[in-house]
2 protein chains.
Amino acid sequence: MTVTLADVAARARVSPATVSRVLNGNYPVAASTRERVLRAVDELDYVLNGPASALAAATSDLVGVLVNDIADPFFGIMASAAQSAIGESATGRGGGEKLAVVCNTGGSPERELTYLTLLQRQRAAAVILMGGALEDPEHLAATAGKLTKLSEAGTRVVLCGRPPVPGDASAAALVFDNRSGARQLTEHLLGLGHRRIGYVAGPTDRTTTRHRLEGHREALAAAGVAEGPTVHGPYDRSSGHEATAELLARDPHLTAVVAANDTVALGVCAALRERGLSVPGDVSVAGFDDLPFSTDAVPSLTTVRLPLHEAGVRAGRLAMSTTEPPADGVETVPGELVVRGSTAAPRG
Amino acid sequence: MTVTLADVAARARVSPATVSRVLNGNYPVAASTRERVLRAVDELDYVLNGPASALAAATSDLVGVLVNDIADPFFGIMASAAQSAIGESATGRGGGEKLAVVCNTGGSPERELTYLTLLQRQRAAAVILMGGALEDPEHLAATAGKLTKLSEAGTRVVLCGRPPVPGDASAAALVFDNRSGARQLTEHLLGLGHRRIGYVAGPTDRTTTRHRLEGHREALAAAGVAEGPTVHGPYDRSSGHEATAELLARDPHLTAVVAANDTVALGVCAALRERGLSVPGDVSVAGFDDLPFSTDAVPSLTTVRLPLHEAGVRAGRLAMSTTEPPADGVETVPGELVVRGSTAAPRG
DNA sequence: CCCTCGATAGAAAGCGCTTTCTTTCCTGAG
DNA sequence: CTCAGGAAAGAAAGCGCTTTCTATCGAGGG
């Protein structure tokens, strides 16, 4: 029924071993033989049996990219970049083609663990975890354990946008400087003269949420300004939309709102507009990430640009590099304040 | 080093066969034995070797979801929906956990084929192709061939948002009614009184692009209105941005622009605004897809809503169903015109 | 009280590939 | 002309699991 290595070998009149060697290109094979084999492969339309090959070689060409929300361009951009970086590095064995696949955890710790196990099952060549982690000790420990197991089994582990695992130096980590970015953003608002600033934070117990919030508070504290109302919610537009009502209820005199990210900021703008408040005339709004649509928003969004594409590429490269992770392997990716039309000095 | 089935068997004092049966749950095993085995699995922290299992069983628990652009929420939403539908259907063997992974083709036919081969290698349980296809005969044939091979090898094939393969009835297909949606949209514009309508189309030689364009032309023809300028480009904001200049150069008196999708429409709006033209005061703009951000755009976007989430879920279910595809297996997903603020009657 | 049948568990044969260990064959040095 | 040495190809032993085919053990029925 299906064509196997042996069939190809028979047709090319060589041994299965030779065919394998031609396909993997890691052993000298005479040019004439190679050509004969390749022709047979072509004629029979042979496709390597991945599982068999992975079993025998004790490693597969699968690379898993775990993201919190695949529908969010924040992850889409990074994943896409990582995927192309991985695809390009055709260095490995078996023609080097790695199959980079992205897995959507939906932010659920259970699914994250499930995917990690599944990837472990497949003997994945590498795993990239993208996005903030849940700060629950129990889950943190479970994840750390899994990651250690994976490293031990030879799977490369890369963290992108989440802090390194304390006990484990085997994973390379790429962290965004959320704290400093958030601080700059709030400093910008303070510099404009804002003193009543609301904050729409991301989901509770997430590293990203906490770091951004801490940066915001640092700036406030440094300026001796009291913290305004804060509301938590998911990273989507409706979260920003709903939070705005709450924020305004808690302090009707807010002059600025900082959002967890650009998507949320858009929801905030919409809610403000619905209440007849103009941005930035009545209330200034700022986001985070600088997603592509932020430029086109009306008004265009003041935000902190994160080099998502570069970070993705970097993560992909780290996942591919066979070398050990750089000493202690934590690399910080800076954010850059981008001032646009959605922030201005408060009225009066 | 790594724990194998045999180790578990030894510890539970049963044969490897029994352990396998407990794990797969498809054969009667006495409760006491089962418990003993499960305990051993737990104590040894055993993880099934996927490749070995796939090799022996001649099938894996991998489901591939191919998308044209993972950074585009259009695909993100569908992929996310499909993935959860697949995750929920824990019906299969081996605990039923399927590993749904998304592969980013970037719209490149070569990468599409590469991923298909890679998935074929892995003996994927199912493959879902999302998004329009390239209309190149050669590539079409190559893809069709691959898909046939996959079906023959027992891989379920589902097409979502792309027309069924002519010769092959083994694949289930879900198609969006792009033509009719586009027709309604243009009819809406015509109804408002527009007669000079520009069109920013998607990439050439893509089914989605062609169908939407055809719907647009049908409406125009039915109303006896001459076709306005048309520009092709990718499905991103800059495409809309750049195309607008071209459109306006070809007809400075345009009163409306229809964009390939919402993202492109946003770029069009931005470009118009930069030239001092108001939307919809001077020029009406319409999009397609109704992505989440379209409601919040300023002005909010008139568009054609596609039930992306539902379609994704449907595709996921089809991929999981072990039953043969429904007779002829083509299911049409309708689009719904959503009129919002970006379209209005042309000026005087 | 023997035998048959149903319910469990074990034995063992692969699944298709990689890779070590050999063998073969040819080239060039002595 | 012989022999060492190296390049290229083959033989064969698994990799870890699934799954037929058997074997075993009780429990009823005759």
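Residue numbers start from 1 in every chain, and the chains themselves are labelled A, B, ... in the order their sequence lines are given, proteins ahead of strands.
For A:Thr33, no side-chain nitrogen or oxygen approaches OP1 or OP2 of D:dA8 to under 4.0 Å. Contact between the side-chain N/O atoms of A:Ser15 and the OP1/OP2 oxygens of D:dA9 is not found at any separation under 4.0 Å. At D:dC17, none of the side-chain N or O atoms of B:Ser20 fall inside 4.0 Å of OP1 or OP2 (strictly under the cut-off).
A:Arg21 places its CZ atom 20 Å from the P atom of C:dG16, with the value rounded to the nearest Å. Following rounding to the nearest Å, A:Arg121 (CZ) and D:dG16 (P) show an atom-to-atom distance of 16 Å. As rounded to whole Å, 17 Å separates atom P of D:dG14 from atom CG of B:Leu55. Distance CG (B:Asp61) to P (D:dC17): 14 Å, rounded to an integer number of Å. Remark: C1' of D:dC17 and CZ of B:Arg123 are 16 Å apart, rounded to the nearest angstrom. If you take CG of B:Leu23 and P of D:dT19, they are 12 Å apart, rounded to a whole angstrom. As rounded to whole Å, 17 Å separates atom P of D:dG16 from atom CG of A:Asn49. In this structure, the CG atom of A:Leu5 is 14 Å from the P atom of C:dC15, given to the nearest Å.
A side-chain donor from one of A:Thr18 and A:Ser15 sits under 3.5 Å from a side-chain acceptor of the other.
Checked against C:dG10, D:dG16, D:dA8, the side chain of A:Pro28 finds its nearest nucleotide in D:dA8. Among D:dA12, D:dT18, D:dA9, the nucleotide with an atom closest to any side-chain atom of A:Ala17 is D:dA12. Comparing C:dG16, C:dC15, C:dA11 against the side chain of B:Ala56 picks out C:dC15 as the nearest.
For A:Glu112 (side chain) and A:Thr105 (main-chain N/O), no donor-acceptor pair under 3.5 Å exists by modelled atom type. At least one donor-acceptor pair under 3.5 Å links the side chain of A:Thr155 to the backbone N or O of A:Ala124. Judged by distance alone, with hydrogens and angles left aside, the side-chain atoms of A:Arg123 form no donor-acceptor pair with the main-chain N or O of A:Thr59 at under 3.5 Å.
Ranked by how close their nearest DNA chain D nucleotide is to the 5' end, B:Tyr27 and B:Leu48 are led by B:Leu48. Both B:Arg13 and A:Ala52 lie close to DNA chain C; mapped to their nearest nucleotides by heavy-atom distance, the more 5′-ward contact belongs to B:Arg13.
A:Val19 comes within 4.0 angstrom of nothing in the nucleic acid, heavy atoms only.
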Atom pairs and distances, side-chain donor-acceptor, residues 38-49 of chain B, under 3.5 Å, sequence neighbours left out:
| unit_1 | atom_1 | unit_2 | atom_2 | d |
| --- | --- | --- | --- | --- |
| B:Glu43 | OE1 | B:Arg11 | NH1 | 2.1 |
| B:Asp45 | OD2 | A:Lys149 | NZ | 2.6 |
| B:Asn49 | OD1 | B:Ala52 | N | 3.0 |

